[in-house]
Q: 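Pasting in a structure now, in structure tokens, and then I'll have a few things to ask.
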Amino acid sequence: MLGSLFSLARPLVHALDAETAHRLAVEALKYAPALRPCTDDARLGVDAFGLHFPNPVGLAAGFDKHAECYAGSLS
């Protein structure tokens, strides 16, 4: 289901300029309902630069530089 929705939305999302896409992502996360974080699967752990990360997902530095959607970003 989600894959089908992404296939439909992909051309529209790729047509946006970077700043507009960024603003839409921040606004969507700002109003997203708070979800209970799921547990990380140990198989997804990554060791890099002498540090251990529980999963390979990260946010770019400065994504939420005004702290508008920190709660949504943690879900």
Side-chain angles (χ1 to χ4, degrees):
M1 170 78 176
L2 190 57
S4 301
L5 291 174
F6 184 71
S7 296
L8 291 172
R10 187 177 187 161
L12 187 113
V13 171
H14 285 255
L16 298 173
D17 66 283
E19 190 60 32
T20 301
H22 176 256
R23 282 290 349 133
L24 283 173
V26 169
E27 289 298 316
L29 286 171
K30 191 186 320 183
Y31 297 109
L35 301 174
R36 187 172 43 118
C38 60
T39 57
D40 291 311
D41 187 331
R43 295 175 293 178
L44 296 176
V46 176
D47 292 311
F49 310 108
L51 299 171
H52 177 75
F53 300 95
N55 60 56
V57 179
L59 283 176
F63 175 78
D64 187 21
K65 62 185 172 193
H66 301 295
E68 297 175 67
C69 63
Y70 62 89
S73 299
L74 298 174
S75 298

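Keep in mind that what you see is a predicted model, and the values were worked out from it rather than measured. All residue numbers in this chain count up from 1 along the given sequence.
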Q: Hydrophobic cluster mates of Tyr31, side-chain heavy atoms under 4.5 angstrom, ILVMFWY only, any path?
A: none

Q: Any salt bridge (Lys or Arg N to Asp or Glu O under 4.0 Å) pairs touching residues 25-34, not counting sequence neighbours?
A: Arg23-Glu27, Glu27-Lys30, Lys30-Glu68

Q: Which side-chain N or O atoms in residues 51-62 pair as donor and acceptor under 3.5 Å with protein atoms at least two apart or in another chain?
A:
from	atom 1	to	atom 2	distance (Å)
His52	ND1	Asp47	OD1	2.8
Asn55	OD1	Val57	N	3.1
Asn55	ND2	Asp40	OD1	2.9

Q: Take Asp17 and Thr20, measure what side-chain contact (heavy atoms from CB on, under 4.5 Å) needs, and give me the verdict at the end.
A: CA-CA 6 Å; Asp17 66 283; Thr20 301; 2.6 Å; yes

Q: So which atom in Val26 and which in Phe63 form the shortest heavy-atom distance, rounded to 0.1 Å?
A: CG2-O, 3.9 Å

Q: Can you list the residues that meet the side-chain hydrogen bond (donor to acceptor under 3.5 Å, both in side chains) rule with Thr39, with sequence neighbours excluded?
A: none

Q: For Arg43, what residues pass the salt bridge (Lys or Arg N to Asp or Glu O under 4.0 Å) criterion, not counting sequence neighbours?
A: Asp41

